[in-house]
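Excluded from the calculations below are hydrogen atoms, water molecules and symmetry mates; all remaining heavy atoms, backbone and side chain alike, are included. Keep in mind it's a predicted model, so treat the numbers as computed, not measured.
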Amino acid sequence: MIRVLYTFCIQLYKGATYIAAIFNQKAKKRIEGIKTSKVELEDFIRSNQKELVFLHCASQGEHEQAKPLIRWILEKTDVAIILSFFSPSGYENADYLNNDRVLKIYLPFDTPKGISKLLSIIRPKTAILIKNEWWWNLIYKLKELTIPAYLVSATIRRHHYFIKYPFCFFAEGMRSFSTIFVIDKESEKIISTISSSNVHCVRDTRIDQVNYIKRRIKTKLGSTRDLQLKPVIIYGSIWEQDLKSIQVMIDQFPNHIHLIYPHLLNEEALQAIQSSIHNSKIVQHAKEATVGVNIISSMGDLKYAYQLADIAY
């Protein structure tokens, strides 16, 4: 019954997205991207006879977590990768134009019909979901088709709905994964109580990606005198609920350089952070930062900026 209700809610969400696409650019990109992805996927399958791995990310942050896995797959195996995204921020920033073994697509809405059609086209050897991408019809369909599924860099908290009554029905979905890789002991403890899957506590693959960038790509940000001489604290992918904790850090270290990278980069979100954090200023790039609080207003800096950090939140 709850699964039926879940699917009904997805259908409502799908309809709302189509309506929103009339005036919302992000929704419009997703709708148009799903249509384009279908054609590109069929062309890719026809021209590529390799075994396929289906790897799904929500957006750009999860894509950074997936990159170490993508590199390993491309270097160590001969399979091709179907890399799906939910959000335009991930899709638009994933550049694999020079690699004919990776195709990026938009994940269709999580309806039984849409997911069944997608998997019937791909017929993947393995599926990998990054972080907390719990699309239940997708997960159940992977299990039904006996496709090994792996959840990577996951975090499970006691407040998550699917481990609470009456939604604990979805805990069965968590048991559909062959292996679950979590990033902390608390997540390992919680998931072990509801899933018989192999659960392993490993570090966040985003740390692997940051270290890779540090070794291979020296900072593209430029380095001002302040950035060279003063300690730097970076706050990555920040939401409104993070701001109280951030203010405590700023008050504790007033002579440091604080770089705040908001998750949302629209004008409203930037202004909301600036009004909440005392004496903060909005700058476009980290290279413009000075001592005090700097809110970075452009996408793409963060993965390079971690090289500058003495502390990262």
Between [X] (side chain only) and [Y] (backbone N and O only), is there a donor and an acceptor less than 3.5 Å apart?
{"X": "Ser116", "Y": "Lys113", "result": "no"}
{"X": "Ser298", "Y": "Gln284", "result": "yes"}
{"X": "Lys104", "Y": "Tyr91", "result": "yes"}
{"X": "Glu62", "Y": "Ser59", "result": "yes"}
{"X": "Gln274", "Y": "Ser280", "result": "yes"}
{"X": "Asp204", "Y": "Ile207", "result": "no"}
{"X": "Ser297", "Y": "Val283", "result": "yes"}
{"X": "Tyr313", "Y": "Ile246", "result": "no"}

More than 12 heavy atoms of other groups within 6.0 Å of [X] [atom1]:
{"X": "Asp251", "atom1": "CG", "result": "yes"}
{"X": "Glu51", "atom1": "CD", "result": "no"}
{"X": "Glu240", "atom1": "CD", "result": "no"}
{"X": "Gln241", "atom1": "CD", "result": "yes"}
{"X": "Arg71", "atom1": "CZ", "result": "yes"}

Classify the angle between the aromatic ring planes of Trp134 and Trp136 as parallel (below 30°), tilted (30 to 60°) or perpendicular (above 60°). parallel
Is any NZ, NE, NH1 or NH2 atom of the basic residue among [X] and [Y] found under 4.0 Å from an Asp or Glu carboxylate oxygen of the other?
{"X": "Lys67", "Y": "Asp208", "answer": "no"}
{"X": "Glu144", "Y": "Lys141", "answer": "yes"}
{"X": "Glu32", "Y": "Lys35", "answer": "no"}

From the options Lys131, Arg206, Lys303, select the one residue that forms a salt bridge (Lys or Arg N to Asp or Glu O under 4.0 Å) with Glu64.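 It is Lys303, the one option of Lys131, Arg206, Lys303 that forms the salt bridge (Lys or Arg N to Asp or Glu O under 4.0 Å) with Glu64.
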Does [X] share a hydrophobic cluster with [Y], counting links as ILVMFWY side-chain heavy atoms below 4.5 Å and allowing steps through other members?
{"X": "Ile82", "Y": "Val79", "answer": "yes"}
{"X": "Leu308", "Y": "Ile260", "answer": "no"}
{"X": "Ile238", "Y": "Met299", "answer": "yes"}
{"X": "Ile257", "Y": "Ile273", "answer": "no"}
{"X": "Leu74", "Y": "Leu69", "answer": "yes"}

Give the minimum heavy-atom separation between [X] and [Y], together with the two atoms involved.
{"X": "Lys230", "Y": "Val291", "result": "CG-CG2, 3.7 Å"}
{"X": "Ile105", "Y": "Ser37", "result": "CA-OG, 3.4 Å"}
{"X": "Asn137", "Y": "Ile115", "result": "O-CG2, 4.1 Å"}
{"X": "Thr290", "Y": "Asn294", "result": "O-ND2, 2.9 Å"}
{"X": "Ser237", "Y": "Asp242", "result": "O-OD2, 4.4 Å"}
{"X": "Leu265", "Y": "Ile296", "result": "CD2-O, 3.7 Å"}

Criterion side chain to side chain contact (heavy atoms under 4.5 Å, CB included) on Ile70 and Tyr96, from CA distance to verdict: CA-CA 11 Å; Ile70 294 170; Tyr96 294 97; 3.3 Å; yes
Please round to the nearest 0.5 Å and tell me the distance separating atom [atom1] of [X] and atom [atom2] of [Y].
{"X": "Leu52", "Y": "Lys125", "atom1": "CG", "atom2": "NZ", "result": "11.0 Å"}
{"X": "Tyr6", "Y": "Thr111", "atom1": "OH", "atom2": "OG1", "result": "9.5 Å"}
{"X": "Thr17", "Y": "Asn24", "atom1": "OG1", "atom2": "CG", "result": "9.0 Å"}
{"X": "Asp184", "Y": "Glu188", "atom1": "CG", "atom2": "CD", "result": "9.0 Å"}
{"X": "Lys189", "Y": "Thr193", "atom1": "NZ", "atom2": "OG1", "result": "9.5 Å"}
{"X": "Gln209", "Y": "Tyr212", "atom1": "CD", "atom2": "OH", "result": "7.5 Å"}

Can you tell if the side chain of [X] reaches within under 4.5 Å of the side chain of [Y], non-hydrogen atoms only?
{"X": "Ile45", "Y": "Leu103", "answer": "no"}
{"X": "Ile233", "Y": "Pro231", "answer": "no"}
{"X": "Phe177", "Y": "Ile139", "answer": "yes"}
{"X": "Ile277", "Y": "Gln247", "answer": "yes"}
{"X": "Thr77", "Y": "Trp72", "answer": "yes"}
{"X": "Cys201", "Y": "Val182", "answer": "yes"}
{"X": "Leu41", "Y": "Leu118", "answer": "yes"}
{"X": "His63", "Y": "Asn93", "answer": "no"}

Between Tyr13 and Asp110: side-chain donor-acceptor atoms closer than 3.5 Å: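 Judged by distance alone, the side chains do not pair up.
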Can the ring centroids of His256 and Tyr235 be said to lie less than 6.0 angstrom from one another? no
Could you go through the side chain to side chain contact (heavy atoms under 4.5 Å, CB included) check for Trp135 and Phe109 one step at a time? CA-CA 9 Å; Trp135 297 108; Phe109 291 95; over 6 Å; no
Working note: Asn279 + Val293, criterion side chain to side chain contact (heavy atoms under 4.5 Å, CB included); need CA distance, chi angles, decisive distance, verdict. CA-CA 7 Å; Asn279 301 317; Val293 184; over 6 Å; no
Determine all donor-acceptor pairs shorter than 3.5 Å in which one atom belongs to a side chain in residues 146-156; sequence neighbours excluded.
| from | atom 1 | to | atom 2 | distance (Å) |
| --- | --- | --- | --- | --- |
| Ser153 | OG | Thr205 | N | 3.3 |
| Ser153 | OG | Thr205 | OG1 | 2.9 |
| Thr155 | OG1 | Asn132 | ND2 | 3.0 |

Kindly indicate whether a cation-pi arrangement holds for Arg30 with Phe86, taking the cut-offs as under 6.0 Å to the six-membered ring centre and within 45° of the axis.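 Satisfied, under 6.0 Å and within 45°.
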May I have the step-by-step check of side chain to side chain contact (heavy atoms under 4.5 Å, CB included) for Leu302 and Leu259, ending in yes or no? CA-CA 9 Å; Leu302 180 58; Leu259 304 179; over 6 Å; no
Tell me every residue that passes ring-ring contact (aromatic ring centres under 6.0 Å, His included) with Trp239, counting only those two or more places apart in sequence or in another chain.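 ring-ring contact (aromatic ring centres under 6.0 Å, His included) list for Trp239, sorted by chain: His263.
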